[in-house]
Amino acid sequence: MSQTQIISDTKNKFEFPLHFLPIPTATMKLMEMTASGSLITMALLCGTATADCQAPGVQRIDLQNHTSSIPGYRAIQNRVDFKQGASFPRHVHPADEIVYSLGGVLQYNFDDKPSVTLTTGGVLFIPAGTAHSVKNIGHGMASELGTYIVETGAKLLNCYGN
């Protein structure tokens with residue numbers, strides 16, 4: 001029986017073989033240090049990381065950032081607002097991302113995986129290290145709530161050029 005990782009929303013369930021999973025954190029840390037501490041493994045595999053992950057028409061609002069009960073980790077939650085037609089470029093997170101759609105219509109695009117569209121109240125789980133982009137495909141504003149449990153000191157996201 002092959003092991004799989006699941007990406008799911010309220011209507012769909014996608015299973016992917018383990019060879020699609022990100023490199024373990026310890027390996028990523030070693031490669032980070034080897035690569036001058038500024039690139040994570042995904043940058044080596046998927047393109048060049050940029051230090052600035054800003055996008056026109058997209059606003060990220062940090063809501064919570066607390067020390068977790070898990071030693072060495074932080075609980076982070078933010079709201080991301082997208083103007084009509086706005087998109088956030090291809091990026092990865094060092095932790096699993098739990099998304100809740102607060103409103104509008106957002107499309108999540110993945111490398112070699114089916115895209116997922118969320119409407120108000122929809123949920124999505126994105127495994128750590130999964131490259132993805134997000135676009136507001138609705139007729140007005142769209143917003144999501146993102147929740148992460150991240151190693152203390154880890155950068156929350158890294159963007160990539162195509």
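Bear in mind that the values here come from a model prediction, so they are computed numbers and not experimental data.
The distance from the CD atom of Q59 to the CG atom of N78 is 11.0 Å, given to the nearest 0.5 Å. Distance check: H93 NE2 to L156 CG gives 6.0 Å after rounding to the nearest 0.5 Å. From E97, atom CD reaches atom CD1 of I149 across 12.5 Å, with rounding to the nearest 0.5 Å.
Using a 4.5 Å heavy-atom threshold, the side chains of E151 and I70 count as separate. Put simply, the side chain of H132 reaches to within 4.5 Å of the side chain of H91, judged on heavy atoms. Side-chain contact between P89 and C159: present, with at least one pair of heavy atoms (C-beta onward) separated by less than 4.5 Å. Taking the side chain as every heavy atom from C-beta outward, D96 and Y148 never approach each other to under 4.5 Å. Between P94 and V150, the closest side-chain pair of non-hydrogen atoms falls below 4.5 Å.
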**Message:** If you apply the rule side-chain contact (heavy atoms from CB on, under 4.5 Å), what do you find for Y100 with L124, and how did you get there?
**Reply:** CA-CA 7 Å; Y100 176 78; L124 176 64; over 6 Å; no
**Prompt:** R90 and D111: side-chain contact (heavy atoms from CB on, under 4.5 Å), yes or no, with the steps?
**Reply:** CA-CA 9 Å; R90 188 169 172 264; D111 293 351; 2.7 Å; yes
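In this structure, the side chain of S101 engages the main chain of T119 through a donor-acceptor pair within 3.5 Å. A donor-acceptor pair is defined here as one N or O able to donate and one able to accept, closer than 3.5 Å; no such pair exists between the side chain of N65 and the backbone of I76. No donor-acceptor distance shorter than 3.5 angstrom exists from the side chain of T117 to the backbone of Q107, with no hydrogens or angles considered.
For G103 against T120, the heavy-atom pair with the smallest separation is CA-OG1, 3.2 Å. When every heavy atom of S115 is checked against every heavy atom of N109, the shortest pair comes out as CB-OD1, 3.2 Å.
Here salt bridge (Lys or Arg N to Asp or Glu O under 4.0 Å) pairs that include residues 67-87, with residues two or more places apart or in two chains, are R79-D81.
When the side chains of ILVMFWY residues are joined at heavy-atom separations under 4.5 Å, either directly or via intervening members, V99 and V58 end up in a single hydrophobic cluster.
Grouping Ile, Leu, Val, Met, Phe, Trp and Tyr by side-chain contacts under 4.5 Å, direct or through others, puts I137 with V105.
The side-chain contact (heavy atoms from CB on, under 4.5 Å) test with F82 is passed by exactly one of K135, M141, E144: E144.
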